[in-house]
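Notes follow once the structure below has been shown.
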Amino acid sequence: MQISVKELSTLLNGHVVGDENALLNTVAKIEEGKPGALSFLANPKYEPHIYTTQSTAVLVNKSFEPSAAVTTTLIKVDDAYASFTFLLEQFAGITKGRAGIHSTAVVETNARVDASAFIGAQSYIGNEAIIGPDCQIHPQVYIGPGAKLGKNVTLYPGVKIYHLCEIGDNTIIHSGTVIGSDGFGFAPLEDGTYKKIPQIGNVIIEADVEIGSNCSIDRATMGSTIIRRGVKLDNLVQIAHNVEIGEHTVMASQSGVAGSTKIGKHCVIGGQVGFAGHITIADGSQFGAQSGIGTSIKEPKGKWFGSPAFEVKSAIRSAAVFKRLPDMEKKLVELERLLTNSKNKEASETNNN
Amino acid sequence: MQISVKELSTLLNGHVVGDENALLNTVAKIEEGKPGALSFLANPKYEPHIYTTQSTAVLVNKSFEPSAAVTTTLIKVDDAYASFTFLLEQFAGITKGRAGIHSTAVVETNARVDASAFIGAQSYIGNEAIIGPDCQIHPQVYIGPGAKLGKNVTLYPGVKIYHLCEIGDNTIIHSGTVIGSDGFGFAPLEDGTYKKIPQIGNVIIEADVEIGSNCSIDRATMGSTIIRRGVKLDNLVQIAHNVEIGEHTVMASQSGVAGSTKIGKHCVIGGQVGFAGHITIADGSQFGAQSGIGTSIKEPKGKWFGSPAFEVKSAIRSAAVFKRLPDMEKKLVELERLLTNSKNKEASETNNN
Amino acid sequence: MQISVKELSTLLNGHVVGDENALLNTVAKIEEGKPGALSFLANPKYEPHIYTTQSTAVLVNKSFEPSAAVTTTLIKVDDAYASFTFLLEQFAGITKGRAGIHSTAVVETNARVDASAFIGAQSYIGNEAIIGPDCQIHPQVYIGPGAKLGKNVTLYPGVKIYHLCEIGDNTIIHSGTVIGSDGFGFAPLEDGTYKKIPQIGNVIIEADVEIGSNCSIDRATMGSTIIRRGVKLDNLVQIAHNVEIGEHTVMASQSGVAGSTKIGKHCVIGGQVGFAGHITIADGSQFGAQSGIGTSIKEPKGKWFGSPAFEVKSAIRSAAVFKRLPDMEKKLVELERLLTNSKNKEASETNNN
């Protein structure tokens with residue numbers, strides 16, 4: 001596709017400084033600009049790139065005034081970042097909006113698929129499953145018996161939704177993610193073996209959630225494992241049985257939450273973080289990457305780091321001193337020696353007296 | 001489904017205290033009780049909930065005597081927890097016991113599928129593969145050429161079993177798990193590139209094993225990667241080539257074992273733990289979450305924590321002191337100053353003398 | 001299959017010491033030898049096994065002279081390890097080289113599949129996708145619209161390649177791995193919710209790469225996430241959007257790289273390592289298992305360990321002292337007490353004077 005600077009500016013209600021007939025056919029970061037590309041400048045720290053970028057045009061905030069010569073064409077808009085995001089959505093949107101059931105999909109007799117939904121090739125929809133309006137089910141997806149999808153749910157290729165799990169409106173789940181596998185529940189027997197505890201609950205994922213690829217979210221032993229509205233999970237995340245993740249909490253890749261733990265709303269969790277089971281985490285808590293949290297956190301909006309985690313500033317200070325530990329130990333031994341010598345000397349002087 | 005308290009009590013050989021005509025249609029944890037639900041009380045620390053639970057009936061041990069008024073109906077049985085587990089198994093069992101091959105499954109000519117086994121939609125059974133009696137192969141499973149499944153194996157949707165791997169009786173494997181991918185073996189060449197070392201072994205999983213979702217278990221370079229009888233692996237676990245996991249060892253989510261390491265029997269391994277390659281871990285060892293184990297452990301039944309891991313009580317003490325490191329460093333500097341001053345003073349007094 | 005020692009020796013241009021009519025039907029490690037097996041001896045530390053191995057024959061370097069009696073037959077070759085690897089490749093190669101499209105595969109009308117390529121059962125090839133010569137696409141693979149595969153690419157069962165991603169010649173990807181899922185990009189809004197940032201870039205994987213099972217490699221927000229030539233990734237690895245991994249870098253299982261980070265060439269990265277976003281790692285850097293890297297590394301060929309990571313030898317020393325922290329703290333308190341006492345005594349003596 002190709003669009004002129006003028007057309008684009010009109011679409012965004014902007015103002016052109018430069019060549020309004022230049023043609024655009026792609027997008028690029030301002031620092032990786034190339035002819036034919038549109039870039040944007042929102043963060044002032046990227047300003048130096050606007051004087052050297054190869055991009056044909058750059059979206060800027062209307063308040064922006066260059067402090068040197070620019071060769072690229074500027075499109076001034078109210079909010080350069082918001083305009084750029086809007087455009088990206090238009091680009092990305094081109095593959096949406098299909099409807100119908102592919103001939104190679106298997107839809108069991110009692111499943112209900114809304115007429116506006118799309119079921120891709122080689123997908124499987126189990127008995128009594130419900131697929132709401134505008135859902136986009138990509139190829140090779142499995143939706144188990146009795147599972148329910150709300151409106152406009154997107155499941156990428158190969159997603160597996162076990163029986164009886166529920167997915168809320170507008171939720172997006174990426175390839176390889178498994179929703180509703182059995183919780184890790186085994187009762188130890190006296191002979192040292194383990195007996196499986198049946199996992200008869202389900203998983204409830206509320207609306208506006210996005211879950212990355214290859215995540216595992218286990219069904220509850222009883223009741224539900226719950227992912228609240230607006231939660232965003234990155235790839236390879238583990239959510240154990242009976243966990244609850246509060247609204248609008250975000251969790252980076254390879255983090256894990258052990259069984260029955262409740263994480264509050266609006267938390268921000270770095271990568272490779274681990275939470276022990278049966279604990280509660282206050283709203284607005286933040287955790288640095290690779291932190292390990294073994295006990296409940298009651299104070300909201302705290303920031304934590306380390307394994308075991310403690311208050312982030314203290315944790316960073318301790319980590320800094322950790323590097324000097326061998327020196328500290330040497331110094332300590334030396335002080336001990338000095339003090340012992342001095343006491344011995346004192347003792348000897350006392351004796352001499 | 002619906003069942004009366006009386007019917008349930010008869011089934012469990014129990015004794016009713018309360019309304020034996022009350023009707024039950026679901027199960028719930030005692031602290032999350034609701035009308036129509038059956039709960040259980042086994043652990044005394046949950047006793048307070050029995051006086052407030054909304055559940056219609058609660059299974060209790062026959063020795064249980066309430067210390068206050070209860071409004072729920074009690075069903076007294078020999079072992080409340082065992083009875084509840086038995087019931088859960090009955091509930092969960094409703095989807096089992098199918099047989100036959102779905103019309104969309106692909107079964108290669110020389111594969112052998114027992115007549116009592118079930119092969120779900122869109123599954124693939126390779127040449128020379130053997131599927132034993134009562135196996136439940138869910139949709140979209142791949143079983144490679146020459147792979148062998150014993151009796152009553154359950155493979156959830158999307159499991160991938162590479163060629164020549166073997167799965168023992170009663171083993172359960174959850175969605176997304178891959179058995180038999182190539183081990184990570186590359187020989188470094190002089191020019192800084194790597195040459196693949198062919199991985200021609202297989203994976204042997206013995207009987208009564210359960211493996212969670214999205215795990216990776218690599219085939220051996222030669223010989224077999226072995227998961228012994230009764231092992232339980234949680235989700236997103238990594239088992240490298242030529243590893244052996246001993247009988248009845250349990251391993252929580254996101255843990256990993258590097259190549260050729262042998263883990264003993266009856267070990268208990270927390271989440272996000274890592275084991276280096278080519279080491280041996282004694283039977284009955286236990287490891288706290290996020291531990292890192294770099295060397296062999298010879299003493300059985302030890303408890304370990306930390307990265308690098310050491311004896312758990314010492315590790316917890318060190319972690320506690322770690323928080324005070326900045327204070328320790330300040331104190332050390334102060335002591336050094338005092339001692340230097342005092343020595344200087346002494347020296348100066350000596351000089352004055 | 002069965003082959004005589006003589007035939008094998010001829011194939012490898014070797015020289016037999018022992019029974020050249022002995023028959024071989026499998027391979028085994030020298031320390032796990034058994035009748036009928038071929039083993040090899042390359043590393044001198046395994047030499048003791050050659051005097052006790054049950055293997056029928058052992059490949060050795062031609063310079064090898066036994067220092068005691070051997071009962072196995074020796075096949076002397078120029079390079080025992082290289083010869084063994086060559087044989088393994090012959091063994092492993094028996095399943096390669098198929099061509100054609102399975103009748104249950106779905107290939108969209110505008111896809112282009114080379115006549116020498118193989119498309120397995122139940123695989124999906126999207127619109128405008130290109131599959132190059134000699135590609136081996138196993139069953140249940142998904143290749144999205146506009147994706148491009150070079151020559152001789154091997155995708156194991158269940159691999160998912162999202163739209164527009166590119167895979168280079170000779171690259172191998174194992175089951176469950178997802179290439180091109182959306183990057184984890186969300187703009188925080190003032191009300192505490194998040195707005196998805198469209199991810200319209202792609203993933204480019206160059207030639208001669210191998211990627212293990214259940215990895216997640218996200219597409220770029222704009223531009224490309226790039227895995228350079230010769231890179232080897234183990235299982236369950238996370239690569240975030242806009243990351244670049246330099247040529248011939250190897251990365252062990254369960255490691256992760258956050259967004260926009262650039263990792264150099266020829267790096268060696270242990271298991272469960274994490275890299276923060278927006279940093280740059282110099283060529284030839286090495287990282288111990290479970291390390292956490294929060295800042296850029298400019299000096300090439302450094303070795304790093306710990307979380308946060310620092311120079312490996314220092315890090316190992318600090319970790320050793322860490323075990324003695326409780327003792328250090330006690331000693332420090334004791335020194336403080338001694339010094340205070342001694343000062344008090346001094347003060348009191350001074351007063352007495």
Side-chain angles (χ1 to χ4, degrees), chain A residues 27-29 32 81 85 88-89 91-93 95 102 104 120-122 138-140 156-158 172 174-176 208 210 212-214 230 232 234-236 247-248 250 252-254 265-266 270-272 288-290 306-307 316 319 322-326 328-329 332-333 335-336 339 342-343 346, chain C residues 104 106 122-124 140 142 144-145 158 160 162-163 176-178 181-182 184 186-187 192-200 214-216 218 221-223 236 238 240 254 256 258 272 274 276 290 292 294 306-308 310 314-315 317-318 320-322 324-325 328 331-332 334-335 338-339 342:
Chain A
V27 292
K29 293 185 180 180
E32 299 171 355
Y81 181 72
T85 300
L88 290 189
E89 285 171 346
F91 274 88
T95 59
H102 194 278
T104 59
Q122 304 156 335
H138 286 250
Q140 303 168 345
Y156 280 98
I172 297 169
H174 284 279
S175 289
D208 305 326
E210 182 157 346
S213 53
N214 285 329
K232 312 296 179 191
D234 200 349
N235 305 327
L236 293 159
E247 292 181 13
H248 307 297
V250 297
S253 180
Q254 298 179 317
K265 303 173 188 177
H266 300 290
Q272 300 182 334
Q290 298 191 326
S307 173
I316 288 171
F322 178 77
K323 296 188 188 181
R324 299 190 287 268
L325 264 188
M328 278 179 64
E329 196 183 42
L332 191 60
V333 169
L335 285 185
E336 198 179 18
L339 205 57
S342 121
K343 280 184 51 128
E346 206 178 284
Chain C
T104 59
V106 172
Q122 304 155 338
S123 277
Y124 177 91
Q140 303 169 347
Y142 169 87
K160 310 299 178 205
Y162 277 49
H163 53 286
T177 284
V178 175
S181 40
D182 279 355
F184 195 61
F186 300 92
T193 68
Y194 292 87
K195 183 171 164 55
K196 181 175 176 67
I197 298 170
Q199 304 290 310
I200 63 158
N214 286 327
C215 294
S216 291
D218 278 352
T221 309
M222 283 185 284
L236 293 158
Q238 151 75 0
Q254 298 178 318
Q272 300 182 336
Q290 298 190 327
S307 172
F310 53 110
S314 304
R317 275 195 294 265
S318 281
V321 179
F322 178 77
R324 299 188 287 268
L325 264 187
M328 278 178 65
K331 204 171 279 183
L332 190 60
E334 174 63 11
L335 285 185
L338 283 176
L339 204 58
S342 121

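Chain letters run A, B, ... following the sequence lines, proteins first and then strands; every chain starts at 1.
Contact count against chain A (heavy-atom pairs under 4.5 Å) is highest for C:Asp182 among C:Ile197, C:Asp182, C:Thr221, C:Leu339. With chain C as partner, the option from A:Gly120, A:Pro139, A:Gly212, A:Ala28 having the largest number of non-hydrogen pairs under 4.5 angstrom is A:Pro139. Top candidate by heavy-atom pairs under 4.5 Å with chain C, chosen from A:His266, A:Glu32, A:Lys265, A:Glu210, is A:Glu210. Of the residues considered (C:Leu332, C:Val106, C:Thr104), C:Val106 shows the highest number of contacts with chain A, using heavy-atom pairs under 4.5 Å. When each of C:Gln122, C:Glu334, C:Arg317 is checked for heavy-atom pairs under 4.5 Å with chain A, C:Gln122 comes out on top. Chosen from C:Ser314, C:Cys215, C:Gly192, C:Ala258, the residue pairing most often with chain A at heavy-atom distances under 4.5 Å is C:Gly192. Ranked by non-hydrogen atom pairs under 4.5 Å with chain A, the options C:Arg324, C:Met222, C:Lys331, C:Gln238 are led by C:Gln238.
To the nearest 0.5 angstrom, C:Ser181 atom OG is 7.5 Å from A:Asn214 atom CG. How far CG of C:Asp218 is from OG of A:Ser213: 5.5 Å, rounded to the nearest 0.5 Å. Distance check: A:Met328 CE to A:Phe322 CZ gives 12.0 Å after rounding to the nearest 0.5 Å.
The part of A:Ala319 that comes within reach of chain C is its side chain, from C-beta onward, which places non-hydrogen atoms under 4.5 angstrom from that chain. The contact between C:Phe310 and chain A is made entirely by side chain atoms (from C-beta outward), counting heavy-atom distances below 4.5 Å. Heavy atoms closer than 4.5 Å to chain A are found in the side chain of C:Leu325, but not in its backbone. Looking at A:Ile316, neither its backbone nor its side chain comes within 4.5 Å of chain C, counting heavy atoms on both sides. With a 4.5 Å cut-off on non-hydrogen atoms, C:Tyr162 touches chain A through its side chain but not through its backbone. Using a 4.5 Å cut-off between heavy atoms, C:Tyr194 contacts chain A through both its backbone and its side chain.
Across all their heavy atoms, C:Phe184 and A:Ala252 have their closest contact at CE2-CA, 4.3 Å.
Partners of C:Gln290 according to the side-chain hydrogen bond (donor to acceptor under 3.5 Å, both in side chains) rule, which considers only residues two or more places apart in sequence or in another chain, are B:Ser307, C:Gln272.
For A:Ser253 and A:Asn235, the side-chain atoms include no donor-acceptor pair closer than 3.5 Å.
With a 4.5 Å cut-off on side-chain heavy atoms, A:Ile172 and C:Lys196 count as touching.
The backbone N or O of C:Lys195 lies less than 3.5 Å from no partner atom in the side chain of A:Lys232, so there is not a single donor-acceptor pair.
Screening A:His174, A:Gln140, A:His138 against C:Lys160 for a side chain to side chain donor-acceptor pair (under 3.5 Å) leaves a single residue, A:Gln140.
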